[in-house]
Amino acid sequence: MVNTPKVTVLMPVHNGERYLQAAVDSILKQTFQNFEFLIVDDGSKDRSTDLILSYSDSKIILIQNEQNRGTVHALNQGIASARGEYIVRMDCDDISLPERIEHLVKFMNSNHDVGVAGSAMRLIKKGKLKNTRYQPDSDEELKITLLFNTCFFHPTVIMRSSIVKDHPYPDNLVYTQDYNFWTQIAKHTKFANLDNTLLYFREHSEQTSNRKKETQILNARKVRAEYLQT
């Protein structure tokens with residue numbers, strides 16, 4: 001592994017053993033290989049840690065939290081430790097397609113005014129590939145979209161480290177951390193989305209969006225109101 005990686009792949013894990021191996025393998029098989037793979041295990045009580053430690057790949061860097069501190073804390077831990085010029089998000093239940101990082105890095109290298117870029121993604125439901133989802137692609141459309149909802153599929157994004165280290169995830173509203181994050185960071189940089197489908201997103205009953213839906217809706221309203229004022 002090179003001393004200073006171009007990319008930090010950041011993946012928080014909490015009791016994610018069910019789909020973890022597929023997620024890790026999909027990152028290690030990327031066509032773009034100049035990256036460190038920073039995994040923050042946030043107090044897992046299942047076999048997640050053992051599974052991560054079973055890999056001998058030197059790209060993998062494991063941060064272990066004895067207690068579960070929550071996704072925002074884990075992400076900000078990773079951002080603080082990231083050495084890459086870019087941070088690529090990954091979730092422990094999704095699958096990155098082989099050319100995902102290559103496409104994202106190429107786009108960011110060519111668009112220096114863009115601080116965050118996402119992509120299209122295809123759903124996995126009950127083990128089967130379903131429909132593809134897209135977001136708008138221009139900065140103007142994305143920032144208008146934020147008046148109503150999130151403008152990125154969170155696990156698809158690449159971010160410039162220099163920006164997110166200065167403006168990490170806010171921790172004031174739980175279960176809407178990505179929406180809150182985009183509305184805060186929108187003031188500081190341009191946004192974009194690629195039309196390429198670069199990630200398979202797994203839908204299942206254990207996700208926060210299914211378990212904490214009412215709190216998520218209430219907090220999203222607060223984010224929306226604050227962003228409208230801005």
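These numbers come from a predicted model, not from an experiment.
- Across every non-hydrogen atom of D137 and L142, the tightest pair is O-CD1, 4.0 Å.
- In this structure, F152 and W182 have perpendicular ring planes: the angle between them is above 60°, well past the 30° mark.
- Put simply, the side chain of V105 reaches to within 4.5 Å of the side chain of Y86, judged on heavy atoms.
- Taking every heavy atom of both residues into account, I63 and S81 meet most closely at CD1-OG, 3.8 Å.
- In this structure a side-chain-to-backbone donor-acceptor pair under 3.5 Å is missing from N111 to D113.
- In this model, no donor atom of one side chain and acceptor atom of the other lie less than 3.5 Å apart for T31 and E99.
- When only modelled atom types and interatomic distance are considered, N68 and D42 share a side-chain donor-acceptor pair under 3.5 Å.
- Across all non-hydrogen atoms, the minimal contact from K165 to I79 is NZ-O, 2.6 Å.
- A donor-acceptor contact shorter than 3.5 Å is absent between the side chain of R69 and the backbone of G43.
- In this structure, N149 and Q135 have side chains that are not in contact, with every pair of non-hydrogen atoms separated by 4.5 Å or more.
- Linking Ile, Leu, Val, Met, Phe, Trp and Tyr residues whenever their side-chain heavy atoms come within less than 4.5 Å places L62 and I27 in a single cluster.
- Distance CZ/R18 to CG/D93: 10.0 Å, rounded to 0.5 Å.
- Going from atom CZ of R160 over to atom OG1 of T189 covers 7.5 Å, rounded to the nearest 0.5 Å.
- For the residue pair Y19 / D91, no side-chain donor-acceptor distance below 3.5 Å is found, with atom types taken as modelled.
- A donor-acceptor pair is defined here as one N or O able to donate and one able to accept, closer than 3.5 Å; no such pair exists between the side chain of N15 and the backbone of S44.
- Atom-to-atom distance recorded for R83:CZ and S161:OG is 11.5 Å, nearest 0.5 angstrom.
- Heavy-atom minimum distance, N65 versus Q77: ND2-OE1, 2.7 Å.
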(request) Please lay out, stage by stage, how R100 and M90 fare under the test side-chain contact (heavy atoms from CB on, under 4.5 Å). (result) CA-CA 11 Å; R100 180 188 171 207; M90 182 63 186; 3.8 Å; yes

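- Pairing each heavy atom of I185 with each of H167, the nearest pair is CD1-O, 4.1 Å.
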(request) Please test L194 against F107 for side-chain contact (heavy atoms from CB on, under 4.5 Å), starting from the C-alpha separation and ending with a verdict. (result) CA-CA 8 Å; L194 284 71; F107 178 84; 3.8 Å; yes

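- Using a 4.5 Å heavy-atom threshold, the side chains of F35 and T8 count as separate.
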(request) Would you check, one step at a time, whether the test side chain to side chain donor-acceptor pair (under 3.5 Å) holds for D41 with S48? (result) CA-CA 8 Å; D41 187 287; S48 293; 4.7 Å; no

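- For the atom pair CG of N76 and OG1 of T71, the computed distance is 11.0 Å after rounding to the nearest 0.5 Å.
- The cationic group of K143 lies under 6.0 Å from the six-membered ring centre of F191 and within 45° of the ring axis, placing it in a cation-pi geometry.
- Note: H154 and Y169 meet the aromatic proximity criterion, with ring centroids under 6.0 Å apart.
- Cluster annotation: Y134 and F201 are assigned to distinct hydrophobic clusters (Ile/Leu/Val/Met/Phe/Trp/Tyr, side-chain heavy-atom contacts under 4.5 Å, transitive).
- Using modelled atom types, one finds no donor on one side chain facing an acceptor on the other under 3.5 Å when comparing S119 with N196.
- At a threshold of 4.0 Å, the pair D94-R202 does not count as salt-bridged, since none of the basic side-chain nitrogens sits closer than that to a carboxylate oxygen.
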(request) Evaluate the criterion side-chain contact (heavy atoms from CB on, under 4.5 Å) for residue pair F181 and M159; output intermediate values, then yes/no. (result) CA-CA 12 Å; F181 184 47; M159 308 177 285; 3.7 Å; yes

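- The pair E36-K59 does not meet the salt-bridge criterion, since no charged nitrogen lies less than 4.0 angstrom from a carboxylate oxygen.
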(request) Start with the C-alpha distance between L129 and I124, add both sets of side-chain angles, then the distance that settles side-chain contact (heavy atoms from CB on, under 4.5 Å), and finish with yes or no. (result) CA-CA 5 Å; L129 282 173; I124 305 174; 3.9 Å; yes

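- Taking the side chain as every heavy atom from C-beta outward, V88 and L10 never approach each other to under 4.5 Å.
- Inspection of the N193 and E141 side chains reveals no N or O donor paired with an N or O acceptor under 3.5 Å.
- If you check the side chains of Y55 and D25, you find a donor sitting under 3.5 Å from an acceptor.
- E102 contributes atom CD, which lies 12.5 Å from atom CG of L97 (distance to the nearest 0.5 angstrom).
- Distance check: M121 CE to F153 CZ gives 4.5 Å after rounding to the nearest 0.5 Å.
- Looking at R89, its side chain never comes within 3.5 Å of a backbone N or O of I158 through a donor-acceptor pair.
- Looking at heavy atoms from C-beta onward, F32 lies in side-chain contact with K6 at the 4.5 angstrom threshold.
- Nearest heavy atom pair, residue I87 against residue A82, reads CD1-CB, 3.9 Å.
- Remark: the backbone N or O of I101 is paired with a side-chain donor or acceptor of Q30 at under 3.5 angstrom.
- Under the 4.0 Å criterion applied to side-chain N and carboxylate O atoms, E203 and R133 are assigned as salt-bridge partners.
- In this structure, the side chains of V7 and V9 come closer than 4.5 Å at one or more pairs of heavy atoms.
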